[in-house]
Amino acid sequence: MSDDKYNPKEAEQKWLQYWESEKIYAFDAKKKGKIYSIDTPPPTVSGKMHIGHAFSYTQEDVIARYKRMCGFNVFYPFGTDDNGLPTERLVEKMKNVKGALMERQAFIKLCEETLKEIRPAFVDDWKRLGISCDFSLFYSTINEHCRRISQWSFIDLYHKGRTYRKEAPTLWCPECRTAIAQAELQDKEKQTELVHIEVKTEDGTPLIFATTRPELYPSCAGMSVHPTDSRYNEFVGKKVILPLTGVRIEVTTDNMVDPAFGTGVVYFCSSGDAQFLDWETRHPVKNKVYLINPDGTMNDRAGSYAGLTIVQARKKIVDDLRQLGVVKKIESLTHTVNAHERCGTVVEYLSSKQWFIKYLDLKNAFLELGNQLTWHPDFMRHRYENWVKGLKWDWCISRQRFFGVPFPVWYCKKCEKPVVANEKDLPLDPLKDKPPILTCTCGSTEFLPEKDVLDTWATSSLTPMIAAKLMEPTLSEKIFPITLRPQGHDIISTWLFYTTAKSYLHTGQPPWKNVAISGWVLDPYGKKMSKSKGNVIAPQEIINKYSADALRFAAATSKLGEDAAFQEKDLVAGDKFVTKVWNASKFAFMHLEGVDGSEKPTEVIDQWILSRLSAVIEESTEAFEAYEYSRARFVVERFFWDDLCDNYLELVKTRLYEPKAPELKKSAQAALQVVLPAVLKLMAPFTPFITEELYHKYLHTKEKLPSIHVSSWPTPQKRDKNAEAVGAVVVAILAAVRKKKSEMKLSMKAPAKKLVIESKVSIASALEDLKATCCAELVDFGKATEQITPDLKVSIEL
RNA sequence: GGGCCCGUGGUCUAGCGGUAUGACGUCACCUUUACACGGUGAAGGUCCCCGGUUCGAAUCCGGGCGGGCCCACCA
């Protein structure tokens, strides 16, 4: 027995299979009582699980396991997000194709097949972590179930008057050739040139403006200066003539002009320009000119620049202006521009027809909804509020892509009136299916299908409903609103906000009760991990090198909402913990053979450890209830290592091996048979594999449950303050003796000739245990010399 | 420019009103019948800086400095 060792590789595989085959984590639809439901984040199928996933999914799983042991019927589904642009990009890369150049249905089929091929291995990474999802409650955001709900959502909002279709300047990605939403923007540092161009008024006075976007020059609509800028007073209200195009425009004033930037003169254009949209609200332009094509090239209205890319056009226009002698200066400039987060391309604003969800009028309602949520940690609510307050656009939900949920919409060929599908026919594809009516109100019988697909967020913002509706209606009503939404702070402005918005629009309620926001995993130096920096740590390799338990142990060190630098030493610590639990259990259960439960803890040291255990159960439970799993892990680990292993087990060894009377051993057994199982259970949410192994090895026959993970969370007993006080003094004396022996470079087994104790707390009841552990030959109570604590002095003679 | 978070021994971290927790690393010692993947001990800290509140501050308040994230601006 003593040389048997724990092999995590074998054991973890064994338990993974066991949990799955025995359906340990299955949601019990028939069970009565309280449900704890989780809106599990569906990871985007894009390669592999990364270390950030490994940490955050562990953190939510720890909570799920705790709740399950507390008796909740835990509803913990698992989904994958494999809809839309990210999948298209992945498939294009894997299969070396371009969606835009393929036949539409062939590309969709290729996406579906590719997903089918890679999904199982992808999901396996999550299973390997030991998360306790019910994997039979599975969804993919592109499957029928999700398409149905996603299309229903659109129709519901359409009938509620919350969707509209409009031709308007929209954020546009020229690389992906689709409209995108505000939330999909990312900052990008860019090196560019600020070109100073001279124009003249009608009477010939020169005026110089500076721009980073000279390619938009053909659509120049006006110029502004700051109203208090004395340099330009004389220009206000006058017209200037643009060289090259000959267009006359008026100089106006605008408070938004920064006199210190460039020359203090702003020119604004009626196309491809974020600034214009803002300027236009104050300086209306009658004839807008859009210069840029959906693919990022210049169109016919750009005259001789037609067909050039934006970058080419910029160069050519500057060259042409230079030949006219009006380019006065070119400065280089680094500035931040908006780029599409999926591909990094600088976005443009293009006028196109798109579907929107109208919600800018609901900011206050969204803020109120955010208030109704319990945030873990609380300060994360500011991120949400900040985002809601800063919303400027309605939500553009149409995407000019292929692999996504189709809009359930057709248009009358004659009057363009949209025709929306019936709910009972969902899911459908207007490119394949017929509209629900034969004749439009205008009399026409011809309809055109909508070709656009829905924004992926339009579907993933429905996950609470998608999850709940995996169950039959009466049950899904109990599951919704979901108890917990776990997610990262990077997607508060997308996933969290959109989900809240949709829930409000459909139901008027918040989608969840709690949100738990996990932090990032940074590299050991505190920098963000990225493939380009080469500092990525693969969780699969970590699990192979250590174990899933060790990885989870490390993941549970960082608090919710806090970024944590990845430290390999945390894995070493996890590994050591697993070994230590194994050995301590082996020791304890070896001495518990033959117990019948009639043993009573009569010795004060045994009462001490039991009382300490109760204190730890209280602390751990309290921490878990506040979603502070890291504190829960910390207190249990300290109790286990310090109180239990280093002190208690040493203090009772003599009584266990060579008891002076049988009752003395029985008293220790009475404590051990409570403490060890409790520690295993307190640690089960963190290290589910080793605790399951030990449960089956030693406790299964007694409790007769199929798994420690469906056993009950320990309950604290009444504390024994006297025993706790005695225990604390005994531990302090033991430490003093150990220190002395260590200073003398002696073995801990070296005898102590004499020990004198001067303590305000009487420790007479623990004397035999202390004496044996210190190997003291003689113990006296009386005046001692060495101050240990204010209430304790000892003298040690070796 | 606005908001939020953070700043503790070499490194990471706990504590968040009574001068400091643990891990890793370093050093010394101990083969003690659960564990050498161990045990015992040691060295190592102006708790970012300056004010204030308080009998007392790492902990609360104000102001700096430094780092990070989100948002806005960027002609």
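The analysis underlying the following values was restricted to heavy atoms, covering all of them including side chains, and did not include hydrogens, waters or symmetry mates. Labels below follow one simple rule: chain letters A, B, ... track the order of the sequence lines, proteins then strands, and each chain is numbered from 1.
For Lys580(A), a side-chain nitrogen or oxygen approaches OP1 or OP2 of G39(B) to under 4.0 Å. Remark: Lys5(A) is not in phosphate contact with C37(B), judged by side-chain N or O atoms under 4.0 Å from OP1 or OP2. Lys653(A) has no side-chain polar atom (N or O) that falls below the 4.0 Å cut-off from OP1 or OP2 of U33(B). When the side-chain nitrogen and oxygen atoms of Trp582(A) are compared with OP1 and OP2 of G38(B), none of them lie within a distance under 4.0 Å. In this structure, Lys392(A) reaches the C73(B) phosphate: one of its side-chain N or O atoms is under 4.0 Å from OP1 or OP2. Between Lys576(A) and C24(B) there is a side-chain N or O to OP1 or OP2 distance below 4.0 Å.
Glu650(A) has its CD atom 11 Å from the C1' atom of U33(B), to the nearest Å. Protein atom NZ of Lys569(A) is 7 Å distant from nucleotide atom C1' of U11(B), rounded to whole Å. At whole-Å resolution of the value, CZ in Arg631(A) and P in G15(B) are 8 Å apart. Protein atom CG of Asp646(A) is 14 Å distant from nucleotide atom C1' of A23(B), rounded to whole Å.
Between Tyr384(A) and Trp375(A), the angle of the ring planes lies from 30° to 60°, which puts this pair in the tilted group. The aromatic rings of Tyr267(A) and Phe209(A) sit parallel, their planes meeting at an angle under 30°, below the 60° perpendicular limit. Between Phe589(A) and Tyr698(A), the angle of the ring planes stays under 30°, which puts this pair in the parallel group of the 30/60° scheme.
Residues of residues 542-560 of chain A having a heavy atom closer than 4.0 Å to RNA chain B, listed by number: Lys559(A). Using a 4.0 Å cutoff on non-hydrogen atoms, no part of residues 672-679 of chain A comes near RNA chain B.
Comparing the P positions of G51(B) and G15(B) gives a spacing of 28 Å, expressed to the nearest Å. Nucleotides G44(B) and G3(B), compared at atom P, are 43 Å apart to the nearest Å.
Scanning atom types as modelled, no donor and acceptor separated by under 3.5 angstrom connect the side chain of Ser747(A) and the base of C30(B).
If you check G66(B) for Watson-Crick or wobble pairing at under 3.5 angstrom, you find it paired to C6(B).
By the ring pair (Phe, Tyr, Trp, His ring centres under 6.0 Å) test, Tyr217(A) is found to be paired with no residue, residues two or more places apart in sequence or in another chain being considered.
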